Student: 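What follows is a structure written as structure tokens; I'll ask about it next.
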Amino acid sequence: MRHVAIIGAGQAGSSLAAKLRELGFDGRITLIGDESHPPYQRPPLSKAYLTGKLAADRLALRGPSFYAERCIDLRLATKVTRILPADKRIELGPESLAYDGLVLATGAAPIPLPEAIGGRLANVFTLRTIGDVEAITPHIAAGKRALIVGGGFIGLEVAAALNQAGVDVTLVELQERILGRVAAAETAAYFRTLHAERGVKLLEGVGLVALEGQGSVGKARLSDGSFVDVDFAIVGIGVRPNVALAEAAGLAVENGVSVDAQGRTSEAGIWAAGDCASFLWNGRRIRIESVPHAIDQAETVAANVLGAKRDYRPRPWFWSDQFDVKLQIAGLNGGYDRIVERKGAKPGSCSYWYFAGETLLACDAINDARAYMTAKKLIDAGRSPSPADVADGVLA
């Protein structure tokens, strides 16, 4: 293996390049990103960075000399236009680059609002990149009116950040409740109350019919017949994996770039990792959108590129910061049939434990780091306390 090319300079791509060097790979590494910024953290974008509490230089994943010192050819503001698997080449506009191993770490992109309902109006944003935040921040000021479309974690985090900056925030969620795809009703109820108490207007079971305005958005028409005056809107209705390059190259795609347990795609010599990659988990092909997963899977793939033949075993965990509340999630809650609530030691802290029968699947810990750590250790070890023991506070 003389040259490994990595398409995507986010968390997964950067971690993979670093791990290759850590494992002793002394060949050529090319890390290609389409943004002009060196690899950076994305989670703060919807929180501290959005409201100016975190400086841009603190977003960087590595120091400014990291890549040069490790002879990693970091190419920024560069777009890969085509993959030619039979020739083991990628095209970057007019340039052609040969590889021995190729890794797709192309991430995911926000789903935009359709143009037909005002998605192309000025002052309508998605939030995924530093550039997105730079476009939004001039509109953040006390007394401004913002519409958040989507009640998932991104929408709620943005709503909290804007509220704390003095913006008048209305959030609309088409489904019957917030966090409908990612958390139990009990967790949703906690955050519904939290946001309402802080002055965020949550409208659940209410869809956006259209954004209206002359050139820029000024009003939102909702499915309940009401109108909301807005100065800007932020859309957080989910993301799609970036699979266009993979599809055009003939790679198998299903809910992302399909990989096996070791991160290999359907084409020899090509791997994938991070938000763009889907893999089998308990009989389902899933993607996990989280920083820890991106790092862990990328490091496993790095080892496999060098011949380790190691299966990736996800140990998923997530977090969300909203106001003064930290939600920590251990595990994946798909297929649960029971929720057990456990009060925490501190006022207002609690946790919700997801069970399928007697099997512990996941835990949402709210301002309760101890519950989170306990649940994570149990889930990672494949152990399940009884629901009764969780409820009684008896955990082994």
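Just so you know, these numbers come straight off a predicted model, no measurement behind them.
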Student: Salt-bridged, Arg128 to Asp132, with N to O below 4.0 Å?
Tutor: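 Result for this pair is no, no salt bridge flagged.
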
Student: Between Asn367 (side chain) and Lys326 (backbone), is there a donor-acceptor pair under 3.5 Å?
Tutor: yes

Student: Looking at Ala220 and Leu208, what are the two nearest heavy atoms and their distance?
Tutor: CB-CD1, 3.9 Å

Student: If only atom types and distance count, is the side chain of Arg285 paired as donor or acceptor with the main-chain N or O of Val259 below 3.5 Å?
Tutor: yes

Student: Are any side-chain N or O atoms of Thr193 and backbone N or O atoms of Ala189, one a donor and one an acceptor, separated by less than 3.5 Å?
Tutor: yes

Student: Please work out whether the ring planes of Tyr40 and His37 are parallel, tilted or perpendicular, with thresholds of 30° and 60°.
Tutor: perpendicular

Student: With hydrophobic residues grouped by side-chain heavy-atom distances under 4.5 Å, do Tyr49 and Val291 end up in a single group?
Tutor: no

Student: Does the Arg342 side chain pair with the main chain of Ala371, one donor and one acceptor, at a distance under 3.5 Å?
Tutor: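 Side chain of Arg342 to backbone of Ala371, a donor-acceptor pair under 3.5 Å: no, none is there.
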
Student: Going by salt bridge (charged side-chain N to carboxylate O under 4.0 Å, His left out), name the residues that satisfy it together with Glu176, two or more places apart in sequence or in a different chain.
Tutor: none

Student: Please lay out, stage by stage, how Leu332 and Ile288 fare under the test side chain to side chain contact (heavy atoms under 4.5 Å, CB included).
Tutor: CA-CA 9 Å; Leu332 295 174; Ile288 298 178; 4.2 Å; yes

Student: Taking salt bridge (charged side-chain N to carboxylate O under 4.0 Å, His left out) as the definition, give me every residue that meets it alongside Glu173, ordered by chain and number, with sequence neighbours left out.
Tutor: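 So Glu173 forms no salt bridge (charged side-chain N to carboxylate O under 4.0 Å, His left out) with any residue.
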
Student: Any side-chain heavy atom of Gln297 within less than 4.5 Å of one from Phe279?
Tutor: yes

Student: For Leu97 and Arg75, what are the C-alpha separation, side-chain angles and deciding distance, and is it a side chain to side chain contact (heavy atoms under 4.5 Å, CB included)?
Tutor: CA-CA 12 Å; Leu97 194 64; Arg75 301 197 182 192; 4.2 Å; yes

Student: Under the side chain to side chain contact (heavy atoms under 4.5 Å, CB included) rule, what do Gln41 and Leu61 come out as? Steps first, then yes or no, please.
Tutor: CA-CA 6 Å; Gln41 306 173 66; Leu61 290 171; 3.7 Å; yes

Student: I'd like to know whether Trp271 forms a side chain to side chain contact (heavy atoms under 4.5 Å, CB included) with Leu104, so could you lay out the CA-CA distance, the side-chain angles of the two residues, the decisive distance to 0.1 Å, and finally the verdict.
Tutor: CA-CA 6 Å; Trp271 289 261; Leu104 304 182; over 6 Å; no

Student: Should the heavy atoms of other residues, nucleotides or ligands under 6.0 Å from NZ of Lys201 be counted, would the total exceed 12?
Tutor: no

Student: Is the backbone N or O of Leu360 less than 3.5 Å from a side-chain atom of Ser384, with the two atoms forming a donor-acceptor pair by type?
Tutor: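 Pair found, side chain donor or acceptor close to backbone of Leu360.
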
Student: Give me the atom names and distance for the closest heavy-atom approach of Gly274 to Ala12.
Tutor: CA-CB, 4.0 Å

Student: For residues 179-190, which residue pairs qualify under salt bridge (charged side-chain N to carboxylate O under 4.0 Å, His left out), counting only residues two or more places apart or in two chains?
Tutor: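 The answer is none; no pair qualifies.
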
Student: Give a yes or no answer on whether the side chain of Ser226 reaches the backbone of Leu222 with a donor-acceptor pair at less than 3.5 Å.
Tutor: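 No; judged by distance alone, with no hydrogens or angles, the pair does not exist.
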
Student: Hey, is the main chain of Phe25 close enough, under 3.5 Å, to the side chain of Arg21 for a donor-acceptor pair?
Tutor: yes

Student: Pairs of donor and acceptor atoms involving the side chains of residues 302-312, under 3.5 Å and at least two apart or interchain, shall be tabulated with distances.
Tutor:
| residue | atom | partner | partner atom | Å |
| --- | --- | --- | --- | --- |
| Asn304 | OD1 | Lys309 | N | 3.0 |
| Asn304 | OD1 | Arg310 | N | 2.6 |
| Asn304 | ND2 | Gln262 | O | 2.9 |
| Asn304 | ND2 | Thr300 | O | 3.3 |
| Asn304 | ND2 | Arg310 | O | 2.8 |
| Asp311 | OD1 | Gln262 | NE2 | 3.4 |
| Tyr312 | OH | His293 | ND1 | 2.8 |

Student: Closest approach of Val230 and Ala146, non-hydrogen atoms and distance?
Tutor: CG1-C, 4.4 Å

Student: Write out all pairs satisfying salt bridge (charged side-chain N to carboxylate O under 4.0 Å, His left out) with one or both partners inside residues 208-226, taking only residues at least two apart or from two chains.
Tutor: Glu212-Arg221, Lys219-Asp229

Student: When rounded to the nearest 0.5 angstrom, what distance separates CG in Leu121 from OG in Ser216?
Tutor: 7.5 Å

Student: How close do Leu211 and Ala233 get, counting heavy atoms only, and between which atoms?
Tutor: CD1-CB, 4.2 Å

Student: Of all the heavy-atom pairs spanning Pro387 and Gly357, show the shortest one and how long it is.
Tutor: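 Between these two residues, the closest heavy atoms are CG-O, 4.3 Å.
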
Student: Test: salt bridge (charged side-chain N to carboxylate O under 4.0 Å, His left out). Region: residues 45-64. Which pairs qualify, not counting sequence neighbours?
Tutor: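 Sorted pair list: Lys47-Glu157.
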
Student: Does Arg287 have any salt bridge (charged side-chain N to carboxylate O under 4.0 Å, His left out) partners at least two apart in sequence or in another chain, and if so, which?
Tutor: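 Glu289.
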
Student: Taking distance alone, no hydrogens or angles, what donor-acceptor pairs closer than 3.5 Å link side-chain atoms of residues 158-170 to residues at least two apart or in another chain?
Tutor:
| residue | atom | partner | partner atom | Å |
| --- | --- | --- | --- | --- |
| Asn163 | ND2 | Arg198 | O | 2.9 |

Student: List for me each residue that meets ring pair (Phe, Tyr, Trp, His ring centres under 6.0 Å) alongside Trp317, sequence neighbours excluded, and say none if there are none.
Tutor: Trp319

Student: Looking at every non-hydrogen atom in both residues, tell me the closest pair between Tyr99 and Pro85 and how far apart they are.
Tutor: OH-CA, 3.7 Å

Student: Residues in ring pair (Phe, Tyr, Trp, His ring centres under 6.0 Å) with Tyr190, at least two apart?
Tutor: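 So Tyr190 forms no ring pair (Phe, Tyr, Trp, His ring centres under 6.0 Å) with any residue.
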
Student: Residues in salt bridge (charged side-chain N to carboxylate O under 4.0 Å, His left out) with Arg28, at least two apart?
Tutor: none

Student: When you look at CZ of Arg240, are more than 12 heavy atoms from neighbouring residues, nucleotides or ligands closer to it than 6.0 Å?
Tutor: no

Student: Same cluster or not: Ile237 versus Leu127, using hydrophobic residues (I, L, V, M, F, W, Y) connected whenever any side-chain heavy atoms lie under 4.5 Å apart?
Tutor: no

Student: Starting from Phe318, can I reach Val239 by hopping between I/L/V/M/F/W/Y residues whose side chains sit under 4.5 Å apart?
Tutor: no

Student: Report the distance from atom CD1 of Ile29 to atom CG of Leu31, rounding to the nearest 0.5 Å.
Tutor: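 Answer for the CD1-CG pair, Ile29 versus Leu31, is 8.5 Å.
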
Student: Is Arg2 paired with Asp26 through a side-chain N to carboxylate O contact shorter than 4.0 Å?
Tutor: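 A salt bridge is absent here (no side-chain N lies under 4.0 Å from a carboxylate O).
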
Student: Is Leu179 reachable from Tyr352 through a run of I, L, V, M, F, W or Y residues, each pair having side-chain heavy atoms under 4.5 Å apart?
Tutor: yes

Student: Let me see the working for Gln322 and Ser320 under side-chain hydrogen bond (donor to acceptor under 3.5 Å, both in side chains), right down to the final yes or no.
Tutor: CA-CA 6 Å; Gln322 299 170 42; Ser320 178; 3.0 Å; yes

Student: Roughly how far, to the nearest 0.5 Å, is the CZ atom of Arg145 from the CZ atom of Phe232?
Tutor: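 Those atoms lie 11.0 Å apart.
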
Student: For Ser65 and Glu69, what are the C-alpha separation, side-chain angles and deciding distance, and is it a side-chain hydrogen bond (donor to acceptor under 3.5 Å, both in side chains)?
Tutor: CA-CA 6 Å; Ser65 62; Glu69 288 173 352; 3.0 Å; yes

Student: For Tyr372, what residues pass the ring pair (Phe, Tyr, Trp, His ring centres under 6.0 Å) criterion, not counting sequence neighbours?
Tutor: none

Student: Any side-chain to backbone donor/acceptor pair from Ser349 onto Lys346? Under 3.5 Å, distance only.
Tutor: yes

Student: Taking Ile379's backbone N and O only, do any of them form a donor-acceptor pair with Arg315's side chain (distance below 3.5 Å, no angle check)?
Tutor: no

Student: Are Arg70 and Glu22 ion-paired here, with the side-chain N under 4.0 Å from a carboxylate O?
Tutor: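 Looking at Arg70 and Glu22, the cut-off is not met.
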
Student: Any donor and acceptor pair, going by atom type alone, linking the side chain of Tyr354 with main-chain N or O of Ala184 inside 3.5 Å?
Tutor: yes

Student: State plainly whether one hydrophobic cluster holds both Val209 and Ile117, where clusters connect Ile, Leu, Val, Met, Phe, Trp and Tyr through side-chain heavy atoms under 4.5 angstrom apart.
Tutor: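 As far as the 4.5 Å side-chain criterion goes, Ile117 and Val209 are not connected within one cluster.
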
